[in-house]
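Notes to accompany the following structure.
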Amino acid sequence: MAERKRILTGIRPTGSLHLGHYAGALKQWVELQDDYECFFLIADYQVSDYVDDIDHVRRSVWEVALDWLAVGLDPQHGHYVIESQVPQHAELSVLLSWYLPLGPLRKNPTLKSEMEDLERTRKSVPVGFFIYPLMQIANILMPRAHLVPVGDDQLPHIELTRDVAERFNRETGVDVFPLPEARLGKVTRLVGLDGDAKMSKSKGNTINLKDDAETVRRKVMSMFTDPNHLRKEDPGRVEGNPVFMYHDAFNPDVDDVANMKEHYQRGGLGDVEVKKKLIVAIDNLLDPMRERRAHYEARPKLVQEALEAGCKAGNAAADATIDDVRRALKLDYFDRGMPAAEK
Ligand code: TRP
């Protein structure tokens with residue numbers, strides 16, 4: 001059998017995962033895991049904006065692993081890798097930095113807007129933040145990934161990765177890295193419960209994958225809808241209405257969703273009824289995850305085993321790549337021996 005192509009994708013360990021992560025990434029990862037050899041990376045080097053809360057980051061590493069197990073990413077199939085446990089990432093970042101020019105890094109639109117946000121909210125921005133796209137390039141090239149499933153905000157980083165891989169191969173004359181492709185897939189960018197453009201923990205507008213049924217009920221009941229839909233008889237707006245956006249994302253009964261939209265726009269359908277159906281849809285999605293989570297929560301040793309096995313696989317892939325990289329850069333001094341004196 002031909003070797004399967006490889007995927008690398010990652011997440012920063014900054015808290016437990018929510019429905020936005022699921023709709024935007026995890027759902028797709030689960031679908032891809034049978035067709036590729038997958039490296040799922042917990043990027044605990046990419047936390048320079050969390051140095052004042054390192055305990056939170058450490059806890060989040062385990063939370064992310066549990067969330068992954070809960071959504072059904074199979075650790076027998078793919079590899080759960082903790083970035084820092086494969087310290088070769090640091091070496092590769094340094095060596096690849098030679099092939100990443102400053103100009104394109106500075107111009108990277110995702111990095112640029114994140115840096116601007118940080119500059120507004122902090123006194124200083126760490127260099128470690130500025131170079132996170134470089135570390136991400138090392139993440140992707142380490143297992144020589146062919147495909148990187150990500151959200152569209154990450155596209156500029158994948159572009160840089162291709163450029164660096166291409167330049168490395170060209171300048172060393174050794175084809176060490178395949179040029180990775182981004183895969184956007186059919187992902188949904190989920191708005192927050194409050195209608196904010198993004199579901200994010202810092203805004204407190206998330207439904208977490210680990211939320212129990214009562215929490216989901218309470219959160220959905222408090223969701224923003226059409227602010228002008230005051231009485232049930234009034235016609236309501238469906239576009240831009242978070243409750244209907246969530247129905248589109250999570251309710252598999254598309255006919256019923258279409259009917260509800262029509263009824264809501266016509267008038268006569270109350271928000272409570274629409275929300276109750278959304279609660280059912282979300283619980284149907286989360287119930288199997290809750291079951292798997294309970295299984296692993298009761299058996300923390302299995303979580304640890306998944307992480308340890310994944311890091312071992314990550315290390316094996318890294319050793320092979322670093323060997324090739326060192327040889328391509330002629331850093332294998334003692335295999336080569338002392339060169340003849342230059343004349
Ligand atoms: N920066 C990515 C994010 O915030 C997470 C990440 C780290 C990543 N390393 C990666 C994504 C490598 C893809 C590939 O979402």
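Atoms within each ligand, like the ligands themselves, are counted from 1 in listed order.
- In this view, Arg266 and Glu262 satisfy the salt bridge (Lys or Arg N to Asp or Glu O under 4.0 Å) rule, not counting sequence neighbours.
- Within 6.0 Å of CZ in Arg167 there are more than 12 heavy atoms belonging to other residues, nucleotides or ligands.
- Scanning for side-chain contact (heavy atoms from CB on, under 4.5 Å) contacts around Val243 gives Met223, Thr225, Asn241, His247, Val274, Lys275, Leu278, with sequence neighbours left out.
- Using a 4.0 Å cut-off between charged side-chain N and carboxylate O, Arg12 and Asp49 make a salt bridge.
- Taking the six-membered ring where the residue is Trp, Trp68 and Trp29 present perpendicular rings, their angle passing 60° and hence far from 30°.
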Inventory of protein N or O atoms under 3.5 Å from ligand 1 N or O:
unit_1, atom_1, unit_2, atom_2, d
ligand 1, 1 (N), Gln46, OE1, 3.1
ligand 1, 1 (N), Gln136, OE1, 2.9
ligand 1, 1 (N), Gln154, OE1, 3.4
ligand 1, 9 (N), Asn139, OD1, 2.9

Show me the donor-acceptor pairs within less than 3.5 Å that the side chains of residues 300-307 make with the rest of the protein, sequence neighbours left out.
unit_1, atom_1, unit_2, atom_2, d
Lys301, NZ, Glu305, OE2, 3.3

